[in-house]
Amino acid sequence: MQAILLKKPGHFEQIGIDEPSKPGPGEALVRVHRVGICGTDISGYLGKMPFYSYPRIPGHELGVEVIAVGEGVSKVNPGQRCSVEPYLNCRECFACRRGRGNCCENLRVLGVHIDGGLRPHFLVPGHKLHPSHKLMLDQLALVETLGIGCHAVHRGQPQAGEFALVVGAGPIGLSVIEFVKLTGAKIIVLDLNEKRLDFCKNQMGVAHTIRFRGDGSELRELQDITGGALAPVVFDATGNTQSMCNAFNYVAHTGRLVFVGIVTDEIRFSDPLLHRREMTVLASRNALPDEFRRIIALIEEERIDTRPWITHRTAFGDLIEAFPSYTKQETGVIKAMVEL
Ligand SMILES: NC(=O)c1ccc[n+]([C@@H]2O[C@H](COP(=O)([O-])OP(=O)(O)OC[C@H]3O[C@@H](n4cnc5c(N)ncnc54)[C@H](O)[C@@H]3O)[C@@H](O)[C@H]2O)c1
Ligand SMILES: [Zn+2]
Ligand SMILES: [Zn+2]
């Protein structure tokens, strides 16, 4: 069968690989139908992802169908459509024992640390499959991206009626917005890019947007919107160091700051600012199994509308040619979906 391999940064190859063996105990054999392309794949392609190892078959946002299951797999049956939780955790380390496998000390993510889903068939632990009778394959492939926002919002706990500021309106920021909406908090979005702010207003129903101009005007605008108090909860989903340092200024007294975006640099902040406001700073990483199940239920109940999400599509055979365009914000890409 054919797979797409990221041989080294900037270089994909379509290669022939062996079909997987029969599923062993606890495993399931799946047929991959959809693969969402995300910032992690793009960073891997651009050579900007610190944890990425090459050569690698990418693909961690997956809509699959179960073909066969091994001994002891009872949660899913052949024929079922599933989302895949791509975070393979050890189930033994401190974090895993506390039920926090999303930040397992020995975490291996499909398509990042080990080969992922850009191939027609592969084996996956049965307990990492989350089935739905109702969801379309596209929707199943969106669950992982939504998981990032779901977990971040769980970390930040925005309350109904209070303001929540989301900095960065890329796919990860949008996934945060989806879950802030469900809390009843009032959303404000800050971004450099006017087009992305328009998308938030027109497609996501966001009432307040602020354009970041780099002249400090965003802080005044934020004060105007919040009646001077600033934001009780701030999510930074930019992946930009400067923005993450600035974000401390946007947090209200007693407020919470959640770093969703990831950088390799150090983040600097003023201790008096942190202390005066008695701020809580949180990181958010990946998502938990219960969050996958919650998201599937929310889409099934039509409480999350996935229609605005997929802006680009490609067939498996055309991906290598199309991929470089997905790295450019100008193309308006939010989520590109690969069909197999
Ligand atoms: N927490 C997790 O588990 C997790 C999972 C996946 C991705 N991420 C990270 O989330 C981040 C965002 O990913 P993405 O795919 O949405 O990226 P993206 O680049 O598509 O979006 C980032 C957005 O931030 C905006 N931005 C950049 N600098 C800004 C600034 N100074 N002020 C305001 N806006 C600014 C950009 O215009 C852009 O719209 C990345 O760092 C990525 O690595 C985290
Ligand atoms: Zn992803
Ligand atoms: Zn672990």
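Each ligand, and each atom within it, is numbered from 1 in the order the structure gives. Here the structure is a predicted model, which is why all the values come from computation and not from measurement. For the numbers below, each heavy atom of this structure counts, side chains included, while hydrogens, waters and symmetry mates do not.
Contact detail for Val64 and Val32: the closest heavy-atom pair is CG1-CA, 4.1 Å.
For Asp115 (side chain) and Ile57 (main-chain N/O), a donor-acceptor pair under 3.5 Å exists by modelled atom type. Not one N or O on the side chain of Arg119 forms a donor-acceptor pair closer than 3.5 Å with the backbone of Met1.
Two rings, from Tyr250 and Phe248, have their centers 6.0 Å or more apart.
A cation-pi arrangement, defined by a distance under 6.0 Å to the six-membered ring centre and an angle within 45 degrees of its axis, is absent between Lys8 and Tyr54.
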As a quick check of understanding, evaluate ring pair (Phe, Tyr, Trp, His ring centres under 6.0 Å) for Phe12 and Tyr45, giving each step before the final call.
CA-CA 8 Å; Phe12 278 115; Tyr45 176 76; 5.4 Å; yes
Working for salt bridge (Lys or Arg N to Asp or Glu O under 4.0 Å), residues Glu218 and Arg213:
CA-CA 7 Å; Glu218 80 284 1; Arg213 296 183 166 82; over 6 Å; no
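The SG atom of Cys96 and the SG atom of Cys93 meet at the Zn ion (ligand 3) at an angle of about 110°, given to 10°. Rounding to 10°, one obtains 100° for the angle at the Zn ion (ligand 3) between SG (Cys90) and SG (Cys104).
Of all protein N/O/S atoms, those under 2.8 Å from the Zn ion (ligand 2) are Cys38 SG, His60 NE2, Glu61 OE2, and waters are not counted.
A perpendicular orientation is assigned to the rings of Phe323 and Tyr326, their planes being inclined by more than 60° (bins at 30° and 60°).
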Starting from the N and O atoms of ligand 1, collect every protein N/O partner closer than 3.5 Å and put each pair on its own line with the distance to 0.1 Å.
from, atom 1, to, atom 2, distance (Å)
ligand 1, 1 (N), Val260, O, 3.0
ligand 1, 1 (N), Ser284, O, 2.8
ligand 1, 3 (O), Asn286, N, 2.8
ligand 1, 16 (O), Pro171, N, 3.2
ligand 1, 16 (O), Ile172, N, 3.0
ligand 1, 20 (O), Arg196, NH1, 3.0
ligand 1, 21 (O), Arg196, NH1, 3.4
ligand 1, 37 (O), Asp191, OD1, 2.7
ligand 1, 39 (O), Asp191, OD1, 3.4
ligand 1, 39 (O), Asp191, OD2, 2.7
ligand 1, 39 (O), Arg196, NH1, 3.0
ligand 1, 41 (O), Ile262, N, 3.0
ligand 1, 41 (O), Ile262, O, 3.3

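Each of Arg313, His33, Arg307 was scored for a side chain to side chain donor-acceptor pair (under 3.5 Å) with Asp138, with one residue passing: Arg313.
The local environment of NZ in Lys195 is sparse, with at most 12 non-hydrogen atoms from other residues, nucleotides or ligands closer than 6.0 Å.
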